[in-house]
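Heads up, the thing below is written out as structure tokens.
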Amino acid sequence: MFFDSFYNDKKMQKSKLGMYAAASLLLAILFSFLAYLVISDFGYVTVNDVRFYGPNGEMISAHLYVPADATPQKPAPGILAIHGYNNQKDYMTNTALELARRGYVVLSIDMTGHGFSEGNVGAFSYGAVAGLNYLRSLAYVDKNNIGLVGMSMGGWAIQSAALAVPDGYKAMFYMDSYVLPPTLAPRLKNVAIQMAFADEFTPFWLQVPTGKDIPKSPVLKQIFNVTEDIIPGKVYGDISKGTARILYEPYIDPAASTDDPTSIGNVIEWFSMTLQGGKNIPRNDLIFPIKQLFTSLAFLSAMFFIFSFGGYLLETETFKELKGTPPEYKGFTGYSYWIAALITTALPPLLFLPTFIEWGMNPMLLTIFTPQAPTNRYMAWQDTVALVTVVLLAIFYYASLRKKGFTLQHTGLDLSLKTVAKSFLFAALTLLPLYITLTYCYALFRTPFTLAGLPEPVVLRPMSTIRFTFAFTYFLPFLFYYLVTGVLFAGFMRYKEGKASLTMELLINSLIVSLGSIIFLLYYYVPLYMGMPQTLSWKYVYGGVPLAMIYYIVVPVVSILTICILTYFYRKTGKVWPGVFIATMLIVWYNVAFAAFHIAMPP
């Protein structure tokens, strides 16, 4: 197997590792460039990074997509595109590029408190009013021919803009969102509402139990001003008078709406019906899946770099003393190993809802030092899992492992200051070239490293300066979780007592950390896709179960990635610290760069 030859081939232990590391970075750059070619429609669209200020002095970050034939002499129709809660403008890239290649000027903003924009969640009308005013100020935009599209919370953002500038747009598209409150509907022009068949929020937003009941929603009937069930795809009202309404219900879950051909096709269709000047390119003529392929390859190349460059550094004079063999294994064996594996795979989903929904939003956690509510929620959940794991390991230790001569030395947890410090430096230097490469790729090619093809993509993006500072405050809480996990799999749970091949150990460990989470997701989402009521319940606070489960979609993938890092570098060094530090730094980077601010931060 590849990983075993990669791990065992002594002739490869420096020059080839260095070559693989360099090649993986170059491939990440190449794939990012190819993704940009698609985003720019191979030169027809110019994508600019723009910053502008709202009336209260808040800075808004955006990507501006300008077709080549949009000029002051021949202004093009414009679109304001706004992502959902705890996303960034990159989530609207697929929608934006498909609209831009059809002749629309698209301004895709980071809402306040998101991405590179200032403020906190919801502040200054989400930045939407400032975005619409900026779009209307462009000489090459037809000010009388503007559409608004917003995903989830972005729907309420465009609603704010529509109400503030009622003569500044012609049509709206709520992507897995709706008019809130419904009584505002008569004040809004040409409204399209798309609700995914498997939308987690259907019972709470639309007051119907399942996706198949969406056309019967009393909330939607009020918005459409009808008493009968709504027919999806039918235009109600009059587009020329601004009273048109239409319902779309694609067979997806909402997290997939910004990556789904049917969903994006619906956006294209609605604006082709309500705006003038767009190119007549069929709705199913889509190129964004090619871009997704390239961003996914860039992401995978970046992950391969971590293993190859980390292996290369361990062969250098500076870090070669970190290399070693794992200590004698005295952990769980036989039935006790599989019992421990079962507990390990079940514990994260069992503890998820109470810790993520309520504990993670505790006001005591939301401070000027930890201002990102989504990051706090992951932190509360993972550290709770770690604490319970420590208690269980202590019980098993005193019940059985102590009799086998098990000690701390058998976990690979070297507590010497020199080892800890050198491992920290090793981890930082392993990730530094990757971070620099991503920063330049994002600046040049307007795209992060993104593992697409999932209902919720895994996105690795650079951090703003203020976000980078909070990486330090979140580091220790996440370190606790990955240290416990590293010790668990190094000292207590090694498949076949550590005698299995690296490939087999990676596979088994990946299965353990992901299987329970996958079953948990299937238990929740399969009934939704079958038009059945939700199978999980909790108090509907802070988004409740629906928002929590959306956030859980990425957990199996992230868990597999981090356990592979922990396992590989433990096998290379016989110590848990190198892998623990790399995993912690990577996940803190991933979360802090991604998450929304609930407390406003200075620029």
Side-chain angles (χ1 to χ4, degrees), residues 56 58 83-88 110-127 152-154 156-157 160 180-181 200-201 204-205 347-388 390-391 463-482 484 536-552 554-555 584 587-603:
N56 297 289
E58 70 279 13
H83 58 83
Y85 171 66
N86 203 44
N87 294 165
Q88 298 86 26
D110 282 329
M111 284 194 293
T112 50
H114 295 75
F116 292 102
S117 291
E118 294 175 0
N120 57 294
V121 173
F124 312 118
S125 299
Y126 307 90
S152 191
M153 181 182 280
W156 304 322
S160 297
L180 184 68
E200 302 92 342
F201 287 98
F204 307 96
W205 289 357
L347 202 56
L350 288 175
L351 294 174
F352 181 67
L353 292 180
T355 56
F356 194 88
I357 293 176
E358 297 194 57
W359 300 356
M361 291 296 289
N362 190 305
M364 293 180 62
L365 286 181
L366 196 60
T367 70
I368 60 172
F369 302 105
T370 51
Q372 296 182 327
T375 304
N376 294 351
R377 300 176 93 168
Y378 281 120
M379 178 180 71
W381 166 57
Q382 289 188 315
D383 281 351
T384 302
V385 172
L387 281 170
V388 173
V390 169
V391 171
M463 294 177 277
S464 63
T465 303
I466 190 66
R467 287 177 180 274
F468 187 81
T469 61
F470 287 106
F472 294 95
T473 63
Y474 282 110
F475 180 77
L476 287 179
F478 281 96
L479 177 66
F480 173 62
Y481 171 79
Y482 286 106
V484 171
L536 297 171
S537 63
W538 201 266
K539 286 189 296 183
Y540 187 65
V541 292
Y542 310 121
V545 171
L547 188 61
M549 294 308 294
I550 290 172
Y551 286 164
Y552 204 84
V554 300
V555 167
T584 303
I587 295 307
V588 169
W589 165 11
Y590 165 73
N591 278 302
V592 171
F594 186 88
F597 282 104
H598 281 245
I599 296 177
M601 291 294 111

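These numbers come from the heavy atoms of this one structure, side chains and all, not from hydrogens, waters or symmetry mates. The model shown is predicted, which means the values in this text are computed figures rather than measured ones.
- Between Tyr551 and Trp381, the distance separating the two ring centers is not shorter than 6.0 angstrom.
- Taking the side chain as every heavy atom from C-beta outward, Asn591 and Tyr474 never approach each other to under 4.5 Å.
- Here the side chains of Ile357 and Arg377 are in contact, with some heavy-atom distance below 4.5 Å.
- In this structure, the side chain of Gln382 does not engage the main chain of Phe478 through any donor-acceptor pair within 3.5 Å.
- Between the CG atom of Leu366 and the CG atom of Asn376 there is a distance of 6.0 Å, given to the nearest 0.5 Å.
- In this structure the side chain of Tyr542 never reaches within 4.5 angstrom of the side chain of Glu358, judged on heavy atoms.
- Judged by distance alone, the side chain of Thr112 and the main-chain N or O of Glu118 form no donor-acceptor pair under 3.5 Å.
- The distance from atom CZ of Phe597 to atom CD1 of Ile368, rounded to the nearest 0.5 Å, is 12.5 Å.
- In this structure, the side chain of His598 does not engage the main chain of Val121 through any donor-acceptor pair within 3.5 Å.
- To the nearest 0.5 Å, atoms CE (Met463) and CD1 (Ile466) are separated by 12.0 Å.
- We find the CG-CG distance between Asp383 and Leu476 to be 10.0 Å, quoted to the nearest 0.5 Å.
- Put simply, the side chain of Asp110 gets close to the backbone of Phe116: a donor and an acceptor are under 3.5 Å apart.
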If you apply the rule side chain to side chain contact (heavy atoms under 4.5 Å, CB included), what do you find for Leu547 with Tyr85, and how did you get there?
CA-CA 10 Å; Leu547 188 61; Tyr85 171 66; 4.0 Å; yes

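- A donor-acceptor contact shorter than 3.5 Å is absent between the side chain of Thr473 and the backbone of Thr469.
- Taking the centre of each ring, Phe470 and Phe369 stay at or above the 6.0 Å mark.
- When every heavy atom of Val484 is checked against every heavy atom of Val390, the shortest pair comes out as CG2-CG2, 3.7 Å.
- Between Phe468 and Phe472, the two ring planes are perpendicular [angle over 60°; tilted spans 30° to 60°].
- A 4.5 Å side-chain heavy-atom check between Tyr482 and Val588 finds every atom pair outside the cut-off.
- Residues Ala593 and Gln88 share a closest heavy-atom pair of O-NE2, 4.1 Å.
- Leu387 contributes atom CG, which lies 11.0 Å from atom OG1 of Thr355 (distance to the nearest 0.5 angstrom).
- Atom CH2 of residue Trp156 and atom CE of residue Met111 lie 10.0 Å apart, to the nearest 0.5 angstrom.
- Here the closest non-hydrogen pair linking Phe594 and Asn86 is CE2-O, 2.9 Å.
- Using cut-offs of 30° and 60° for the angle between ring planes, the Phe204 and Tyr540 rings count as parallel.
- Of all heavy-atom pairs spanning Val554 and Tyr590, the tightest one is CG2-OH, 3.8 Å.
- The two residues Pro374 and Ala596 come nearest to each other via the heavy atoms CD-O, 3.6 Å.
- Contact between Arg467 and His114 at its shortest, heavy atoms only, is NH2-C, 3.6 Å.
- Of the possible donor and acceptor atoms, none in the side chain of Tyr552 sits under 3.5 Å from a partner among the backbone N and O of Phe352.
- Under a 3.5 Å cut-off, the side chain of Thr370 and the backbone N or O of Leu365 do form a donor-acceptor pair.
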